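The chain is numbered in sequence order, starting from 1. Just so you know, these numbers come straight off a predicted model, no measurement behind them.
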Amino acid sequence: MGGRSLIQACLNGARPPAAHPALPVTPVQLASDIVRAVEAGADCIHLHPKDVDGLDTLDADAVDAVMTAVRFVSPSVPIGVTTGAWALPDPAARVEAIRRWTVLPDLASVNWHETGSEAVAAAVLEHGIGIEAGLWSLDAVEAWAQSPLRGDVARVLIELPERIGETELVILAQDMLEAVRAVDPRVPVLLHGEARSAWPALRHAAALGLETRIGLEDTLRLPDGSTTPDNAALVRAARELADRHTIPVGLPEEDVPLA
C-alpha cells in the first residue's frame with residue numbers, strides 16, 4: 001500500500017435539483033462540473049443521468065445525451081453511471097433500458113442487494129462496460145460472493161451507512177473488507193460513506209490505502225461542517241485529507257491508525 005489515493009467524484013446522486021444550488025442535473029452542468037472536479041483532484045467520475053424533472057433515469061436518450069456532453073469535455077476521464085432500481089424499479093425494464101444505450105460510460109454501478117442485479121450486471125457486461133459492484137451490507141457481500149459474475153467486476157464499492165459512529169464505522173468497514181478479500185483478494189475496493197459517515201469513511205479508506213469517493217451525492221458539507229459551495233470544493237478537501245491520511249510507503253499494516 002501507499003501512494004496517492006484514487007478519488008472518485010460522485011456528482012449528484014439521486015438528489016433532486018432543489019437539494020443544493022450547485023447540484024449538476026443537465027448534460028451541460030454535468031460536463032462543466034466534471035472539468036472542475038478533475039481540476040480539483042478527482043481521478044474518475046460517478047454520475048446519475050436525469051430526466052426533464054431532474055429525477056434519475058436510465059432512459060437511453062438521457063444517458064446518451066449526458067455521455068456525449070461529458071466525453072466532449074473530458075474524453076479520457078473514466079465515467080461511471082448508476083443502474084439503481086429507484087430509477088426504474090422493474091428489473092426487466094432496467095435491462096432493456098441499458099441495452100438501448102449507445103454512447104457508453106466506462107463503468108456502471110450495480111447494487112447487489114437489488115432484485116434483478118444479476119440480469120442488470122449481465123446487460124452492462126454485454127456492452128463491455130465495467131461493473132462497480134455496490135455492496136451495502138454483509139448480506140450483499142455474500143450475494144456477490146455467490147454470483148457467477150463476481151470475477152467480472154472492475155471494482156467493489158463498500159458503502160457504509162449514514163447513522164454510524166466512528167468506532168462502529170471502522171468495525172463494519174473491516175468486517176466487510178475482510179469478507180470481500182476472502183472472495184477476491186485482488187479486486188479494487190472503493191470505501192465510502194454518506195452524510196455523517198462520508199468524511200470518516202474517506203479518512204479511513206485513505207489510511208487503508210483504498211479507493212474512495214466524495215461529492216454532492218454523499219454529502220453537502222465540508223469536513224468542518226459548513227455547506228460546500230460545489231463538488232469541486234468537496235474534491236479539494238478530499239484530496240487534502242486523503243493525501244494526509246494515506247499510509248507512507250513502507251509503513252507496516254499493523255501500524256495503520258484508525259480513522
Gap separating the [atom1] atom of [X] from the [atom2] atom of [Y], nearest 0.5 angstrom:
{"X": "Trp112", "Y": "Glu142", "atom1": "CH2", "atom2": "CD", "result": "13.5 Å"}
{"X": "Thr82", "Y": "Asn12", "atom1": "OG1", "atom2": "CG", "result": "9.5 Å"}
{"X": "Leu220", "Y": "Leu23", "atom1": "CG", "atom2": "CG", "result": "8.5 Å"}
{"X": "Arg71", "Y": "Ile34", "atom1": "CZ", "atom2": "CD1", "result": "9.0 Å"}
{"X": "Asp106", "Y": "Ile129", "atom1": "CG", "atom2": "CD1", "result": "8.5 Å"}
{"X": "Glu168", "Y": "Ser197", "atom1": "CD", "atom2": "OG", "result": "12.0 Å"}

Do [X] and [Y] sit in the same hydrophobic cluster, where Ile, Leu, Val, Met, Phe, Trp and Tyr count as joined when their side-chain heavy atoms come under 4.5 Å apart?
{"X": "Val103", "Y": "Val81", "value": "yes"}
{"X": "Val235", "Y": "Leu6", "value": "no"}
{"X": "Leu190", "Y": "Leu241", "value": "no"}
{"X": "Leu104", "Y": "Val77", "value": "yes"}

Backbone N/O of [Y] and side chain of [X]: donor-acceptor pair under 3.5 Å:
{"X": "Asn231", "Y": "Leu216", "result": "yes"}
{"X": "His48", "Y": "Gly13", "result": "yes"}
{"X": "His127", "Y": "Ile98", "result": "yes"}
{"X": "Gln29", "Y": "Val25", "result": "yes"}
{"X": "Asn111", "Y": "His113", "result": "no"}
{"X": "Ser226", "Y": "Leu222", "result": "no"}

Salt bridge flag under 4.0 Å for residues [X] and [Y]:
{"X": "Glu217", "Y": "Arg15", "result": "no"}
{"X": "Arg213", "Y": "Asp43", "result": "no"}
{"X": "Arg181", "Y": "Glu178", "result": "no"}
{"X": "Arg196", "Y": "Glu162", "result": "no"}
{"X": "Arg100", "Y": "Asp59", "result": "no"}
{"X": "Asp243", "Y": "Arg4", "result": "no"}

(request) Kindly determine whether Trp199 and Leu234 satisfy side-chain contact (heavy atoms from CB on, under 4.5 Å), including the steps that lead there. (result) CA-CA 10 Å; Trp199 291 109; Leu234 290 170; 3.7 Å; yes
Under 4.5 Å between any side-chain heavy atoms of [X] and [Y], yes or no?
{"X": "Leu157", "Y": "Ser109", "value": "yes"}
{"X": "Thr219", "Y": "Glu194", "value": "no"}
{"X": "Arg244", "Y": "Arg203", "value": "no"}
{"X": "Pro105", "Y": "Val70", "value": "no"}
{"X": "Leu149", "Y": "Leu125", "value": "yes"}
{"X": "Leu11", "Y": "Leu30", "value": "yes"}
{"X": "Met67", "Y": "Trp101", "value": "no"}
{"X": "His204", "Y": "Leu210", "value": "no"}

Can you give me the closest heavy-atom contact between [X] and [Y], atom names plus distance?
{"X": "Ala198", "Y": "Asp218", "answer": "CB-O, 4.3 Å"}
{"X": "Val124", "Y": "Gly130", "answer": "CG1-O, 4.1 Å"}
{"X": "Ala133", "Y": "Val153", "answer": "CB-CG1, 4.0 Å"}
{"X": "Ala201", "Y": "Leu169", "answer": "N-CD1, 3.9 Å"}
{"X": "Ile7", "Y": "Gly41", "answer": "CB-O, 4.5 Å"}
{"X": "Ala232", "Y": "Arg36", "answer": "CB-O, 3.9 Å"}

(request) Using side-chain hydrogen bond (donor to acceptor under 3.5 Å, both in side chains) as the criterion, point out the one residue from Thr26, Thr57, Asp56 that pairs with Lys50. (result)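 Only match with Lys50 under side-chain hydrogen bond (donor to acceptor under 3.5 Å, both in side chains): Asp56.
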(request) Assess whether salt bridge (charged side-chain N to carboxylate O under 4.0 Å, His left out) is satisfied between Arg99 and Glu96, documenting all intermediate values. (result) CA-CA 5 Å; Arg99 285 175 173 162; Glu96 288 307 309; 3.1 Å; yes
(request) Go through Val189 and Leu177 one step at a time and tell me if the side-chain contact (heavy atoms from CB on, under 4.5 Å) criterion holds. (result) CA-CA 8 Å; Val189 174; Leu177 182 59; 4.1 Å; yes
(message) Between Ile79 and Leu107, does the side-chain contact (heavy atoms from CB on, under 4.5 Å) criterion hold? Intermediate values first, please.
(response) CA-CA 6 Å; Ile79 308 294; Leu107 301 158; over 6 Å; no
(message) Walk me through whether Ile158 and Glu211 qualify under side-chain contact (heavy atoms from CB on, under 4.5 Å).
(response) CA-CA 10 Å; Ile158 294 179; Glu211 301 174 354; over 6 Å; no
(request) Scan side-chain atoms only and decide if Gln8 and Glu132 contain a donor-acceptor pair under the 3.5 Å cut-off. (result)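 Looking only at side-chain atoms, Glu132 and Gln8 do form a donor-acceptor pair, the distance falling under 3.5 Å.
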(message) side-chain hydrogen bond (donor to acceptor under 3.5 Å, both in side chains) for Ser147 and Glu118? Distances and angles first, verdict last.
(response) CA-CA 8 Å; Ser147 171; Glu118 293 281 340; 2.6 Å; yes
Hey, can you pull the donor-acceptor pairs under 3.5 Å for the side chains in residues 134-141, sequence neighbours left out?
| unit_1 | atom_1 | unit_2 | atom_2 | d |
| --- | --- | --- | --- | --- |
| Ser137 | OG | Asp139 | N | 3.4 |
| Ser137 | OG | Ala140 | N | 3.1 |

(message) Evaluate Asp184 against Arg150 for salt bridge (charged side-chain N to carboxylate O under 4.0 Å, His left out), listing each step before the verdict.
(response) CA-CA 9 Å; Asp184 186 344; Arg150 69 176 183 273; over 6 Å; no
